[in-house]
Amino acid sequence: MITLYVLDVPEFAPLVTAASADSTCRVTGPRQGYWTIQAETGLTFRRKEMKMKPAIWYGAFTGGIDGVIAEFGQDLVRVLPVTAPQ
């Protein structure tokens, strides 16, 4: 399971909105100043689709992540679950 913590400020609201529209995500909060976004298999966010400025984009994921950032570019972030060592 992946958990993404998003600071409850207007600048990061597009992440919460995008996750809320995704049927594979569960969004809860805000609680203690953070939204929680959870998914079983992966999370993908596209900056341009959410109309986020680059400076906001690069700070949006600083609330914390339980997962592995598989890709982090100027327009796409993909987070996958942590897998146990074999």
Side-chain angles (χ1 to χ4, degrees):
M1 164 106 37
I2 300 161
T3 305
L4 174 66
Y5 303 94
V6 179
L7 186 63
D8 183 25
V9 294
E11 293 84 357
F12 300 153
L15 286 172
V16 176
T17 301
S20 295
D22 183 340
S23 64
T24 66
C25 293
R26 183 171 67 116
V27 178
T28 56
R31 185 170 185 264
Q32 296 182 332
Y34 288 86
W35 290 92
T36 302
I37 300 170
Q38 295 182 307
E40 291 292 331
T41 59
L43 292 169
T44 301
F45 296 100
R46 290 175 174 80
R47 180 185 68 83
K48 290 181 182 178
E49 287 179 10
M50 295 186 293
K51 299 180 179 159
M52 294 178 80
K53 300 283 186 191
I56 300 299
W57 173 251
Y58 288 115
F61 302 94
T62 58
I65 298 172
D66 291 330
V68 176
I69 297 175
E71 186 173 349
F72 194 151
Q74 67 184 27
D75 292 313
L76 181 102
V77 167
R78 197 165 49 95
V79 183
L80 299 175
V82 175
T83 56
Q86 301 289 326

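What you see is a predicted model, and the numbers here were worked out from it, not measured in a lab. All values below were derived from every heavy atom in this structure, side-chain atoms included, with hydrogens, water molecules and symmetry-related copies excluded.
- For Phe61, the ring pair (Phe, Tyr, Trp, His ring centres under 6.0 Å) partners are Trp57, Phe72, not counting sequence neighbours.
- Once rounded to the nearest 0.5 Å, the distance linking CD of Glu49 with OG1 of Thr44 reads 10.0 Å.
- Atom CG in Asp75 sits 10.0 Å away from atom CE in Met50 (nearest 0.5 Å).
- In this structure, Arg47 contributes its side chain and Gln74 its backbone to a donor-acceptor pair below 3.5 Å.
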Scan the side chains in residues 6-16 for donor-acceptor partners under 3.5 Å anywhere in the protein, sequence neighbours excluded, and list what turns up.
{"from": "Asp8", "atom 1": "OD1", "to": "Trp35", "atom 2": "NE1", "distance (Å)": "3.0"}

_Run Thr36 and Thr3 through side-chain contact (heavy atoms from CB on, under 4.5 Å) and show every step you take._
CA-CA 7 Å; Thr36 302; Thr3 305; 3.4 Å; yes

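- In terms of hydrophobic clustering, with Ile, Leu, Val, Met, Phe, Trp and Tyr side chains grouped at heavy-atom distances under 4.5 Å, Leu4 and Tyr58 are assigned to a common cluster.
- Side-chain contact check for Leu43 versus Ile37: some heavy-atom pair is nearer than 4.5 Å.
- Remark: side-chain polar atoms of Arg26 are not paired, donor with acceptor, to backbone N or O of Gln38 under 3.5 angstrom.
- Taking both residues in full, the closest heavy atoms of Met1 and Pro81 are given as N-CB, 4.1 Å, listed atom of the first, atom of the second, then distance.
- Shown here for Ile65 and Tyr5, the closest heavy-atom pair between the two residues is N-CD1, 4.4 Å.
- For the atom pair CZ (Arg46) and CZ (Arg78), the distance works out to 10.0 Å, reported to the nearest 0.5 Å.
- When all heavy atoms of Ala19 and Cys25 are compared, the closest pair comes out as O-CB, 3.4 Å.
- Between Leu80 and Thr41, the shortest heavy-atom contact is CD2-O, 3.8 Å.
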